[in-house]
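Let me begin by presenting the structure, written as structure tokens, before commenting on it.
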Amino acid sequence: MITVHIQYFAILREQRGLARETLATPAPTAVALYEELRARHGFTLPPDRVRAAINEEFVAWDTPLREGQSVVFIPPVAGG
Amino acid sequence: MITVHIQYFAILREQRGLARETLATPAPTAVALYEELRARHGFTLPPDRVRAAINEEFVAWDTPLREGQSVVFIPPVAGG
Amino acid sequence: MFRISAEPLDPAALQRTLADTHAGACVTFEGWVRDHNEGHPVLALDYEAYAPLAEKEGARILAEARAKFAIRGAVCVHRVGALNLGDLAVWVGVTAAHRGAAFDACRYLIDETKARAPIWKKEHYADSATAWINCATRGDHADRVKI
Amino acid sequence: MFRISAEPLDPAALQRTLADTHAGACVTFEGWVRDHNEGHPVLALDYEAYAPLAEKEGARILAEARAKFAIRGAVCVHRVGALNLGDLAVWVGVTAAHRGAAFDACRYLIDETKARAPIWKKEHYADSATAWINCATRGDHADRVKI
């Protein structure tokens, strides 16, 4: 288990019901963490519509998570 | 002979040395008037680089001149 | 300069930062809160951003524009918070010696910012529904998730 | 609205005339007096216009832009008189529901205005020569007539 700091924005913030949390997770990668949270909180967006950022940089979904990192999941942006 | 009112702009105003004049001319068309004035005042621009306007509208070079019209010769515009 | 602002934007002050006698052209884009979107009456918007990453991505977009186009200066500021109809949501300004580069770069900056910066828009509709734009999933209405 | 102005232009006031909650985009173009042209240092400019015909041609250009692009509002004002470096020579503003039309129409308006409106520019150079732009004839230096 590692501990990570998560910030939620926009639709994910609303579906989670909070803006940030610190939690312990067995997830080895960013996508595994997203799937864990999605199952727990009922996020409507599948991973292929979301991007991950670690320590304020975009990363690939299969990027390994490390202790103490800041993780943000990026729902589709405003666009248009 | 007819009498027309001419306004000069930009390089033609400078080469003519005045901004407007009223004159009597035997010229039957706009282009004939331009050639008459060009010969008299040494305008450097040939007619194919200049346009004519009569009574505040662009006209073709071979447009006949009528008594009392306002004539303007349009050197190349600023462009760019 | 690319910035996320929680305060109202001041276009005149932003444009003054671009003053430059080597520049013959200044093109600006302003995004205004519009009273409709795809046929739905809109009453207000919320913009939200992940500011640190938005500003990093914005700096990359500015660097790309400088590499692609012969521009002199470029600024993009995006508002976050609760906005009303007619409010200024985003301001982009570009200067260049010649206008072609200024137009092309301004267009590039707003297109890439909208496509790539982590900034989200929630629309508030006349029927009191709301939607996060582009966050709909299968089965939702159009591309909206109504909450 | 297309206008020739002997007075300095007020961009903020011009843009306010375009306020419109149906519009999501406002693109503006400003032409500034630049300190060089094709390698020649420029100190100042004179702009001169045949105003009645410029305004008629401008109205035609605006009508063309409205026919070609889905725009809401459009304004073009061109300054005449003696201008110094950095001065605003021309202001174009266009609003539209969507930004593509606003960019395209703004570009169209300035391109057509520069190509077609009877407005002339005289440059004053550092060596005290002057030139009416585009009025050179065979044997003159480049496309300038130095007077």
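Here the closest non-hydrogen pair linking D:R60 and B:F58 is NH2-CD1, 4.4 Å. Shown here for D:C135 and B:L45, the closest heavy-atom pair between the two residues is O-CD2, 3.5 Å.
Remark: the backbone N or O of B:V77 is not paired with any side-chain donor or acceptor of D:R116 at under 3.5 angstrom. Counting only distance, with no hydrogens or angles, the side chain of D:N134 and the backbone of B:P76 share no donor-acceptor pair below 3.5 Å.
Per-residue counts of heavy-atom pairs under 4.5 Å with chain D were compared for B:P75, B:A53, B:P46; the largest is that of B:P75.
In this structure, D:W120 and B:I74 have side chains that are in contact, with non-hydrogen atoms separated by less than 4.5 Å. With contacts defined as side-chain heavy-atom distances shorter than 4.5 Å, the pair B:F9/D:P118 does not qualify.
Residue-level contacts of residues 83-97 of chain D with chain B do not occur; threshold 4.5 Å between heavy atoms. Residues of residues 49-59 of chain D lying within less than 4.5 angstrom of chain B, judged on heavy atoms, are D:A49, D:Y50, D:P52, D:L53, D:K56, D:E57 in numerical order.
The parts of B:E57 that come within reach of chain D are both its backbone and its side chain, each placing non-hydrogen atoms under 4.5 angstrom from that chain.
Within a 6.0 Å radius of CZ in B:R51, other residues, nucleotides and ligands contribute 12 heavy atoms or fewer.
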